[in-house]
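Right, one structure below, let's go through it.
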Amino acid sequence: MTDQSSGSGAEPAKPGPVMRLTFEYDGNDIRLISRQQVQMILPPSHPLDQPAEAGGFHVLVRNAQDQLLFRQARTSPLKHDTEVFSAPGGDRTIERVAAARPKGTFVVLVPELPGAKTLEFVGPQPRFTTLAAARPQTIARFDLDQAPRR
Amino acid sequence: MGTGDGHVIGMTKILDHGDPALRWNLVLLGDGYQAGQIAQFMSDVANIVAKIQAEPPFDSLWNAINVYRIDVASSDSGAADPTACGGTGLAPHTYFDASFCNNGIQRLLEVNDATVHDVVNTWMPQAHMIMVLVNSQVYGGSGGSVATVSLAPGAEEIALHEMGHTAFTFADEYEYYAGCGVDAPGTHDRYPGGGEPAQPNITANANRATNKWASLVAAATPMPTTRNANCSVCDPQGNPFSATTVGAYEGAGYYHCGLYRPQFDCRMRALNNPYCAVCQSEIRKVITPFLPAAIV
């Protein structure tokens, strides 16, 4: 693991090369539209040996042999539903509604790791991205070498 | 529409704690501000940054954070407010196309996130968190990869909740989806399994010995701390413990039963609450590596 992904919380981490990857999605169609290299610190990788059935949305980076190099658990960036906030003073302040047309752009930050070949999104099927109960599966997989450089 | 309706003026580092490669970088942009309103935008940004700084644990981590303000001038002032949602019908031409009434809900305020990311990728690609302030006094906001809020009183709470999701991977701690008594019967009664949630602030495990926030639970606090006696509804009981008691309160992650939250209330359950102790601990864990060496 490189320095930029090894921040322990006990001491300052060191910056390293990071891929800033920009994606667009329309429904279940997700496209990697740009790859940009920046120097920055990233939060550490989550444990690589996490059980496959772990709930939530995960970003995985693998090498050409399909070995896992990096795992990041995060809130799903795919807005198939969205939060609506009641005006102050209302009885309940947050509710969720299904998106009329799931569409948008988001960014993923992952370390530039030697041998990194693919990036994979794993989580509940997009219709249920916010429901922790849904079984995780591969949502999309991208060849990092094919990403247009910015 | 869009980028033809304004221009990016420039970027200012308004909170400078060092090299952006070493710090946690928050970027704020504005929409619906005309060129002559940029001074107001500066003031609006200062207000929300002060709000963030005052919120624990950011107050104790402030030296780890840089804040950047990207000034964007729009052709018109305000945000679209369609009459279909009871709005004014105003449809100003703005750079990021801010509009209320998304999904037919007036307070669901969104911007064109593709344009926002394009600007940030150009001006501040080391951004960890992006917020857009919309120049409107109508209450509204939204989350996702870009937190969007209006200037209405209380709307900054939306930004803090959404920052919890986007920057710190927090789950929602409320125990319903569309609302208590609104969800279709049986759809959100009990967490059906699917693994321990990856998010740090909800759990399916209320066992004192193995719970993921066990280090914050006092020996005298029962685990689970509350149980929902009727899983077909949201738990109606009030908090039987003090507001700061950390334990395992049943009802979280859109389910009445089977998932637990760390405190009775938290900003990730309902607005106008502080982040709970577990969320604060996680924020510290994420931000501490960005502190200058002399402070850690």
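What you see below is based on every heavy atom in this structure, not just the backbone, and it leaves out hydrogens, waters and symmetry mates. Naming: A, B, ... by sequence-line order, numbering from 1 per chain. Not measured: the values here are computed from a predicted model.
For B:His117, the part lying near chain A is the side chain, with the backbone staying farther off; criterion is any non-hydrogen pair under 4.5 Å. Only the side chain of B:Glu162 comes within less than 4.5 Å of a heavy atom of chain A; its backbone N, CA, C and O stay farther away. For A:Glu83, the parts sitting under 4.5 Å from any heavy atom of chain B are the backbone and the side chain alike. Residue B:Asn112 does not touch chain A at all, counting heavy-atom pairs closer than 4.5 Å. In this structure, chain A has no heavy atom under 4.5 Å from any part of B:Asn102. Residue contact with chain A, scored on non-hydrogen atoms closer than 4.5 Å, involves the side chain of B:Val120 exclusively. Using a 4.5 Å cut-off between heavy atoms, B:Phe170 touches chain A through its backbone atoms (N, CA, C, O) alone. Both the backbone and the side chain of A:Val107 come within less than 4.5 Å of a heavy atom in chain B. For B:Ala64, no part sits under 4.5 Å from any heavy atom of chain A, backbone or side chain.
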With side chain to side chain contact (heavy atoms under 4.5 Å, CB included) as the test, would you mind laying out the steps for A:Phe106 and B:Val146 before giving the verdict?
CA-CA 8 Å; A:Phe106 63 92; B:Val146 173; over 6 Å; no

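Taking OG1 of B:Thr169 as the start and CZ of A:Phe57 as the end, the distance is 12.5 Å to the nearest 0.5 Å. Atom CZ of B:Phe168 is separated from atom OG1 of A:Thr75 by 11.0 Å, given to the nearest 0.5 angstrom. Considering CG of B:Leu271 and CD1 of A:Ile94, their distance stands at 4.5 Å, rounded to 0.5 Å. To the nearest 0.5 Å, the span separating NE2 on B:His161 from CZ on A:Phe85 amounts to 4.5 Å.
Side-chain contact check for B:Arg107 versus A:Ser86: some heavy-atom pair is nearer than 4.5 Å. Between A:Glu95 and B:Tyr174 there is no side-chain heavy-atom pair separated by less than 4.5 Å. In this structure the side chain of B:Ile105 reaches within 4.5 angstrom of the side chain of A:Val97, judged on heavy atoms. Looking only at side-chain heavy atoms (C-beta outward), B:Trp24 and A:Ile41 stay at 4.5 Å or farther from each other.
The closest side-chain donor-acceptor pair between A:Thr82 and B:Asn103, if any, does not fall under 3.5 angstrom. A donor-acceptor pair shorter than 3.5 Å can be found between the side chains of A:Arg150 and B:Thr122.
Contact count against chain A (heavy-atom pairs under 4.5 Å) is highest for B:Asp113 among B:Ile287, B:Thr115, B:Asp113. The candidate with the highest count of non-hydrogen atom pairs below 4.5 Å against chain A, out of B:Asp183, B:Asn121, B:Leu22, B:Asp19, is B:Asn121. Of all the listed residues (B:Ala114, B:Ser145, B:Pro125), the one sharing the greatest number of non-hydrogen pairs under 4.5 Å with chain A is B:Pro125. Of the residues considered (A:Arg20, A:Arg74, A:Gln39), A:Arg20 shows the highest number of contacts with chain B, using heavy-atom pairs under 4.5 Å.
Here the closest non-hydrogen pair linking B:Gly144 and A:Lys79 is CA-CD, 3.9 Å. A pairwise comparison of heavy atoms in B:Ala198 and A:Ala73 identifies CB-CB, 3.8 Å as the closest pair.
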